[in-house]
Amino acid sequence: MTWASVEIADLVRPLAGGSLIGVSLVMLFVLHGRIAGISGLAANTVSGTAAWYADPLFVAGMIAGGLLYGHRGGATELSATAPVALLVVAGFLVGFGARIGNGCTSGHGVCGVGRGARRSIIATLIFVATGAAAVAVRGMV
């Protein structure tokens, strides 16, 4: 793909989506004094230790956003070449890692770095370095 083949919509959609994410995170913090920790919210909801209803508009917005995206023709099909059991194990490992790391990659990268949290900056640098190393190793194979 070259810059000449990039359409305006290819640039506007990601910018608009990223901006909406940023605005919603700022609103959650300003209006409720809470940081959008999705992995923590999910883990605490599953374990029953958190009052997920404390942020009903945020949770409703996440659900409505996914439904709206699917309704408007967004990617709704899942395809995987790996066995389902492997995907389930991988999902649990990702969730476990996010819990141990006190947040997921996007939480640290968007919320933590945005707040200037040192541990989030370090975690994000480690995530990016690990991803780059995985791509480099995969490219050698």
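These figures come from a predicted structure and were not determined experimentally. For this chain, numbers begin at 1 and follow the sequence in order.
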Minimum side-chain heavy-atom gap Val110-Leu25 below 4.5 Å:
yes
Should we say atom CZ of Phe127 is surrounded by more than 12 heavy atoms from elsewhere, each under 6.0 Å from it?
yes
State the NE2-CD1 distance between His108 and Ile122, to the nearest 0.5 angstrom.
11.0 Å
For the atom pair CD1 (Ile121) and CZ (Arg115), what is the distance rounded to the nearest 0.5 Å?
10.0 Å
Same cluster or not: Val128 versus Val135, using hydrophobic residues (I, L, V, M, F, W, Y) connected whenever any side-chain heavy atoms lie under 4.5 Å apart?
no
Examine Val113 and Leu125 and state if one hydrophobic cluster contains both, with Ile, Leu, Val, Met, Phe, Trp and Tyr joined whenever side-chain heavy atoms are less than 4.5 Å apart.
yes
